[in-house]
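Accompanying notes for the structure given below.
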Amino acid sequence: MATTIQSDIRSALHVATSTILSRGGAGGCGTRRAVAVCSFPIGRTKSSSRLRAFFSSSSSNDAVLKSQDKPPICTADELHYVPVSNSDWKLALWRYRPSPQAPPRNHPLLLLSGVGTNAIGYDLSPESSFARYMSGQGFDTWILEVRGAGLSVQASNTKEIKQSANERSGQMEAASKSVTNSTFPVEPQSTNSTIAFAESETFAVKEKESESMAVKGDTTGMATVWDESRLVMKLTETFMLLSERLSGFLSEGQSKIMSAKLFDQISRLLVDSQLSGRFNDIRDKLLGLLETRQNSSIASQIRDLSQRIVNIIDEGQISVSPPLFDLQERFVSTIEDFQKQLDLIVKYDWDFDHYLEEDVPAAIEYVTAESKPKDGKLLAIGHSMGGILLYSTLSRCAFKGRDSRFAAIVTLASSLDYTSSKSTLKLLLPLADPAQALSVPVVPLGTLLAAAYPLSSRPPYVLSWLNNLISAEDMMHPELLKKLVLNNFCTIPAKLLLQLTTAFREGGLCDRSGTLSYKDHVHKGNVPILALAGDQDLICPPEAVEATVKLIPEQLVTYKVFGEPGGPHYAHYDLVGGRLAVEQVYPCITQFLNQHDSA
């Protein structure tokens with residue numbers, strides 16, 4: 001079983017990465033293109049005004065996307081956007097106003113989602129919505145979508161934010177409608193192929209034909225249109241990216257891996273040709289230059305060597321016997337695909353600590369400023385990675401001697417240390433190495449699950465094991481499970497996964513430097529914690545949840561496993577969307593929060 005799952009994952013990653021490269025990038029939750037990256041000029045008179053959202057009816061610094069402005073997929077009462085310092089991201093905050101019939105509460109409630117997921121998991125339908133339930137209990141409820149998730153965007157003003165949010169909403173809805181009528185490609189294909197999606201296939205083929213400016217099949221060179229200067233510029237730019245632009249994103253070792261990868265791809269184009277020896281000489285010189293600090297002299301040498309590579313390709317197309325068919329076109333395709341891969345590394349350049357140190361603090365600051373609790377604190381609930389973020393916040397604040405600003409927290413299917421468990425996520429460990437991360441800089445989880453959905457929900461149920469990872473049998477209505485799979489998942493940076501995999505190794509989850517283990521300080525806090533687990537959770541089994549619970553002083557933590565030997569059972573997402581969660585899980589959480597909501 002484990003071998004089958006790993007094989008399915010490897011095949012899916014290969015095909016999905018090919019698709020991303022053929023499209024020219026990866027979007028958020030099933031999106032096909034990136035939104036513009038801009039700065040975010042918001043109020044300059046007071047520091048607090050930098051954390052204001054956009055409002056349609058108030059001053060230039062105060063506003064909210066209300067019902068008439070929200071994207072269709074957003075089912076909250078309001079959609080707020082909060083900027084992140086040192087970043088172009090505007091994080092989406094879904095707000096559910098407290099019911100006027102409910103008792104007044106002293107603290108707002110912040111909900112954090114799992115890795116690669118958005119706000120929809122907390123609001124699947126009016127009947128099962130966890131967010132609506134909590135607002136009905138009187139809590140001013142907010143769901144944070146971290147960078148890269150859901151409706152969080154990169155934009156510079158209100159108009160761009162609305163446009164980008166509506167585009168993402170439309171793409172998410174379109175994906176859920178179209179994918180159930182398609183099938184998932186089974187055989188892996190080359191990253192140079194244009195595959196899988198009919199709407200992009202024609203465009204990609206035409207783009208390659210026009211940009212390469214080569215006549216396919218020509219062996220004499222007489223009919224070939226070869227824009228040599230343009231290609232030299234493109235190749236030089238690629239090498240400069242490796243040596244300059246990526247210096248802040250890749251370590252020296254990773255840069256060498258990427259450089260070697262590109263040269264190997266070019267070398268394969270010239271295999272069994274007398275030109276390969278000449279190329280290898282240029283390769284050695286370029287590798288030396290890429291390890292040298294940049295200056296104008298080196299840049300000039302890189303351009304000269306790029307010209308020599310283009311000359312070799314030109315000669316291989318025209319004069320080598322036997323001729324290297326379509327060499328120019330394949331060379332251009334290789335460079336373009338490599339550039340797209342570099343762009344993905346730069347675009348998806350964040351890890352767990354970015355969420356922990358930047359996104360979550362920005363949300364806490366914003367929510368408390370809006371809700372104005374007397375003590376400046378809030379309540380928080382985290383599912384899966386969301387709970388890991390809460391544990392890590394407590395640990396980090398204790399380590400640094402800071403107040404976490406939490407009145408109480410609830411973690412759902414979360415742990416800082418999975419080593420003692422049989423979590424199915426351990427199957428991903430062989431895939432999580434630095435070289436693999438460079439080859440697959442992002443994992444398009446939303447695209448993978450949406451494409452796999454027909455094979456998990458229809459005969460012959462080839463990928464039926466996916467359903468058990470999400471929900472236990474008969475615990476989620478089929479339409480809600482479909483909505484969860486098709487709309488809730490997003491693209492995940494490999495850097496994020498690489499850091500999260502430390503939770504499966506000795507010492508548990510560590511910071512990006514590897515020097516701070518978050519479980520080493522989680523016992524030092526004074527915040528009450530409710531930790532919940534599902535009895536059939538294959539992703540975060542009860543023993544993983546309990547491993548973290550045992551680190552916390554008994555007087556601060558309450559631990560409960562939902563599910564009975566004879567049923568019903570709870571899998572990973574049933575705690576926030578299962579058919580019995582409203583009757584069993586939600587009241588348990590409300591009772592705990594009531595006990596710790598004093599002013």
Side-chain angles (χ1 to χ4, degrees), residues 1-3 5-6 9 112-115 117 352 381-392 394-395 409-432 465-473 475 497 499-510 517-523 525 527-578 580-581 584-585 588-589 592:
M1 176 67 172
T3 304
I5 295 176
Q6 279 191 329
I9 292 171
L112 303 180
S113 304
V115 60
T117 61
F352 178 84
I381 299 174
H383 175 251
S384 195
M385 186 190 73
I388 298 175
L389 281 167
L390 295 179
Y391 281 138
S392 300
L394 294 180
S395 179
I409 69 167
V410 179
T411 64
L412 310 173
S414 305
S415 179
L416 292 172
D417 188 349
Y418 289 74
T419 54
S420 63
S421 75
K422 295 181 180 180
S423 169
T424 53
L425 293 184
K426 287 185 176 181
L427 298 172
L428 294 175
L429 284 178
L431 307 177
W465 54 267
L466 281 173
N467 293 340
N468 296 330
L469 295 179
I470 296 172
S471 178
E473 187 175 359
M475 273 300 283
L497 290 181
Q499 186 174 355
L500 288 175
T501 57
T502 62
F504 296 86
R505 299 189 174 99
E506 185 178 355
L509 182 68
C510 295
S517 173
Y518 289 119
K519 76 174 191 177
D520 288 348
H521 304 278
V522 72
H523 67 283
V527 175
I529 300 170
L530 172 64
L532 303 182
D535 67 325
Q536 287 193 356
D537 190 336
L538 302 178
I539 293 176
C540 187
E543 60 267 26
V545 177
E546 190 173 11
T548 298
V549 168
K550 290 178 178 179
L551 301 173
I552 303 166
E554 289 185 7
Q555 69 273 18
L556 287 177
V557 65
T558 303
Y559 172 55
K560 181 175 178 61
V561 180
F562 280 92
E564 302 295 336
H569 299 290
Y570 283 79
H572 197 60
Y573 281 90
D574 294 325
L575 293 172
V576 291
L580 296 179
Q584 298 180 353
V585 182
C588 173
I589 294 174
F592 173 80

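Minimum interatomic distance between E506 and T419 (heavy atoms only, all atoms of both residues): N-CG2, 3.9 Å. Contact record, V545 with A533: CG2-CB, 3.8 Å, taken as the closest heavy-atom pair. Taking both residues in full, the closest heavy atoms of A531 and V549 are given as CB-CG2, 3.6 Å, listed atom of the first, atom of the second, then distance. The shortest non-hydrogen separation linking P542 to Y559 is O-OH, 3.2 Å. For I409 against L394, the heavy-atom pair with the smallest separation is CD1-CD1, 3.5 Å. Residue L551 comes nearest to V522 through the heavy atom pair CB-CG1, 3.9 Å, listed as atom of the first residue, atom of the second, then distance.
For Q499 (side chain) and F352 (main-chain N/O), a donor-acceptor pair under 3.5 Å exists by modelled atom type. Between the side chain of S423 and the backbone N or O of I539, at least one donor-acceptor pair lies under 3.5 Å. Side chain of D574 to main chain of S471: no donor-acceptor pair is present (N/O by atom type, distance under 3.5 Å, no hydrogens or angles). Side-chain N or O atoms of T502 include one that pairs as donor or acceptor with a backbone N or O of C510 at under 3.5 Å. Between the side chain of S415 and the main chain of A544, a donor-acceptor pair closer than 3.5 Å is present. Remark: the backbone N or O of P541 is not paired with any side-chain donor or acceptor of S421 at under 3.5 angstrom.
Just one of I529, V410, L530 meets the side chain to side chain contact (heavy atoms under 4.5 Å, CB included) condition when paired with T558; it is L530.
Rounding to the nearest 0.5 Å gives a distance of 12.5 Å between OH of Y418 and OG1 of T501. Annotation: the span from D537 atom CG to H572 atom NE2 amounts to 5.5 Å, rounded to 0.5 Å. Taken to the nearest 0.5 Å, the CG atom of L416 stands 7.5 Å off from the OG atom of S517. In this structure, the separation between CD on Q536 and CG on N468 is 8.0 Å, given to the nearest 0.5 Å. Here the CG atom belonging to L532 is positioned 6.5 Å from the CG atom belonging to L575, to the nearest 0.5 angstrom.
Side-chain N/O atoms of T411 and Y391 include a donor and acceptor closer than 3.5 Å.
Counting heavy atoms from C-beta on, the side chains of S392 and L509 come closer than 4.5 Å. Contact check for H383 versus Y573: side-chain heavy atoms found under the 4.5 Å cut-off. In this structure, the side chains of S395 and K519 stay at 4.5 Å or more apart for every pair of heavy atoms. When side chains are defined from C-beta on, F562 does not count as touching L580, because their heavy atoms never get closer than 4.5 Å.
In the displayed structure, E473 atom CD is contacted under 6.0 Å by at most 12 heavy atoms of other residues, nucleotides or ligands. Around the CD atom of Q555, the shell of radius 6.0 Å holds more than 12 heavy atoms that belong to other residues, nucleotides or ligands.
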Problem - Verdict with reasoning, L412 to I589, per side-chain contact (heavy atoms from CB on, under 4.5 Å) - result: CA-CA 10 Å; L412 310 173; I589 294 174; 4.0 Å; yes
Exercise for the section: Walk me through it: do L556 and V527 pass the test side-chain contact (heavy atoms from CB on, under 4.5 Å)? Expected result: CA-CA 7 Å; L556 287 177; V527 175; over 6 Å; no
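Qualifying ring pair (Phe, Tyr, Trp, His ring centres under 6.0 Å) partners for Y518, counting only residues two or more places apart in sequence or in other chains: none.
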